[in-house]
Amino acid sequence: MGNSSSHLSKQLINEYQELTYLTKQEIILAYKRFSEVAQKDNRSNIESLRIPKERFLNLPELKANPFNDRICTVFSTSEQEDGSMSFEDFLDMLSAFSESATLEVKSHYAFRIFDFDGDGALNESDLEHLVNKLTGDKDDTKLSNSEMRQLIANILEESDIDKDGTINHSEFQHVISRSPDFISSFKIML
């Protein structure tokens, strides 16, 4: 398997393969990529290393993604809630964004990424954040207040099945299941 997997045992690679949607080759590539990001840190025990979120935000695969900060936050298991990532956090992220991940897995993480306040429902504030991330919140791209209110009303009209003013996880999954492009566009490739 070459030098890129010299610190990752075959047993560990097999365990990661069983726990993720990644192939052995993708796990080895992820390890190599994580090692590159960790270049300034102690690489002798990379499995226990946590890398600051800021370094991941600069990866080309995440840099252009308008939700990059939320992605790191959602996949980080840091007790400090600082968005730092361990190798296993990184693998979980890549697994959820892999082409092999199921619609249920992808929609679960998409919902968590879009739930900016973490309350388990997409409310008007979450939807406004979501729209601003997609359209940009600069003066030349930002929607007017009335345009934003109308768009949010349209989203809720289409998605809020129980009419409680929010989109819960099952309502979100229902919407995603009707979006054929979602599963192919919700991916990160190394």
Side-chain angles (χ1 to χ4, degrees), residues 4 7-8 12 15-16 19-22 26-138 141-142 166-169 172-173 176 182-183 185-190:
S4 63
H7 294 95
L8 206 54
L12 201 50
E15 287 176 27
Y16 287 145
L19 296 170
T20 67
Y21 293 99
L22 302 173
E26 289 169 327
I27 292 166
I28 293 167
L29 183 58
Y31 184 80
K32 182 179 179 203
R33 194 75 164 127
F34 190 85
S35 298
E36 290 168 0
V37 175
Q39 64 188 340
K40 297 175 187 141
D41 297 308
N42 178 5
R43 295 174 66 173
S44 62
N45 191 7
I46 205 157
E47 288 85 29
S48 64
L49 182 65
R50 296 201 72 78
I51 298 177
K53 171 174 60 175
E54 292 70 29
R55 289 206 216 151
F56 285 103
L57 296 178
N58 287 319
L59 285 175
E61 299 86 0
L62 282 178
K63 194 171 192 170
N65 190 313
F67 300 98
N68 58 7
D69 186 72
R70 285 292 303 154
I71 290 169
C72 289
T73 299
V74 165
F75 285 94
S76 173
T77 58
S78 170
E79 291 178 9
Q80 287 76 33
E81 298 181 4
D82 58 5
S84 65
M85 295 181 83
S86 67
F87 178 62
E88 290 186 355
D89 294 341
F90 187 60
L91 277 183
D92 285 344
M93 178 190 75
L94 294 175
S95 179
F97 280 96
S98 76
E99 291 183 355
S100 302
T102 65
L103 177 62
E104 291 76 22
V105 168
K106 288 180 179 284
S107 65
H108 168 79
Y109 282 106
F111 184 84
R112 288 188 56 207
I113 290 165
F114 300 156
D115 183 12
F116 289 87
D117 60 13
D119 67 354
L122 304 183
N123 56 35
E124 288 188 15
S125 175
D126 292 322
L127 294 174
E128 186 171 342
H129 274 89
L130 173 61
V131 170
N132 283 333
K133 290 279 188 189
L134 292 172
T135 63
D137 54 6
K138 306 279 188 270
T141 59
K142 190 172 185 172
T166 65
I167 301 169
N168 64 38
H169 188 257
F172 182 78
Q173 280 190 308
I176 293 301
F182 173 76
I183 200 158
S185 62
F186 193 81
K187 64 182 175 184
I188 294 175
M189 303 290 289
L190 285 181

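Note that these values count all heavy atoms, side chains included, but never hydrogens, waters or copies made by symmetry. All figures in this text were calculated on a predicted structure; none of them were measured in a lab.
A distance of 6.0 Å or more separates the ring centres of Y31 and Y16. Between Y109 and F186, the ring centre distance reaches or exceeds 6.0 Å.
Taking both residues in full, the closest heavy atoms of F75 and A96 are given as CZ-CB, 3.7 Å, listed atom of the first, atom of the second, then distance. Closest approach of A101 to S95, counting heavy atoms only: CB-O, 3.3 Å. Annotation for L190 and L94: closest pair CD1-CD1, 3.5 Å, computed over non-hydrogen atoms. The minimum heavy-atom distance linking L49 with A38 is given by the pair CD2-CB, 3.4 Å.
A salt bridge does not link D115 to R70: none of the charged side-chain nitrogens sits closer than 4.0 Å to a carboxylate oxygen. Between K53 and D69 there is a salt bridge, since at least one side-chain N of the basic residue sits less than 4.0 Å from a carboxylate O of the acidic one.
Atom SG of C72 and atom CG of L62 lie 5.5 Å apart (nearest 0.5 Å). A distance of 12.5 Å separates NZ in K187 from CZ in F97, rounded to the nearest 0.5 Å. To the nearest 0.5 Å, atoms CG (L59) and CZ (R33) are separated by 5.0 Å. From I176, atom CD1 reaches atom NE2 of H169 across 9.5 Å, with rounding to the nearest 0.5 Å. With rounding to the nearest 0.5 Å, the separation of CD in E61 from CD1 in I71 is 11.5 Å. Atom CD in E79 sits 10.0 Å away from atom OG in S84 (nearest 0.5 Å).
The backbone N or O of T135 lies less than 3.5 Å from a partner atom in the side chain of T141, making a donor-acceptor pair. One N or O on the side chain of K106 and one on the backbone of S98 form a donor-acceptor pair closer than 3.5 Å. S185 places a side-chain N or O within 3.5 Å of a backbone atom of F182 that can act as its donor or acceptor partner. Side chain of T166 to main chain of N168: no donor-acceptor pair is present (N/O by atom type, distance under 3.5 Å, no hydrogens or angles). A donor-acceptor pair under 3.5 Å links the side-chain atoms of D126 to the main chain of D117, judged by distance alone.
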Requested in this report: Check the pair D82 / T73 against side-chain contact (heavy atoms from CB on, under 4.5 Å), numbers first and verdict last.
Outcome: CA-CA 7 Å; D82 58 5; T73 299; over 6 Å; no
**Report entry** Full working for side-chain contact (heavy atoms from CB on, under 4.5 Å) between M85 and R55
**Finding:** CA-CA 10 Å; M85 295 181 83; R55 289 206 216 151; over 6 Å; no
Query - Criterion side-chain contact (heavy atoms from CB on, under 4.5 Å) on K142 and N132, from CA distance to verdict - result: CA-CA 7 Å; K142 190 172 185 172; N132 283 333; 4.2 Å; yes
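Counting heavy atoms from C-beta on, the side chains of F90 and I51 never come closer than 4.5 Å. Residues L130 and F67 meet the side-chain proximity criterion, which asks for heavy atoms closer than 4.5 Å. For the pair R50/D89, a side-chain contact is recorded, criterion being any heavy-atom separation below 4.5 Å from C-beta on. Using a 4.5 Å heavy-atom threshold, the side chains of F111 and L122 count as touching.
The neighbour count for H129 NE2, taken as heavy atoms of other residues, nucleotides or ligands under 6.0 Å away, does not exceed 12.
Between E26 and Y21, the side chains place no donor N or O within less than 3.5 Å of an acceptor N or O (distance only, hydrogens not considered).
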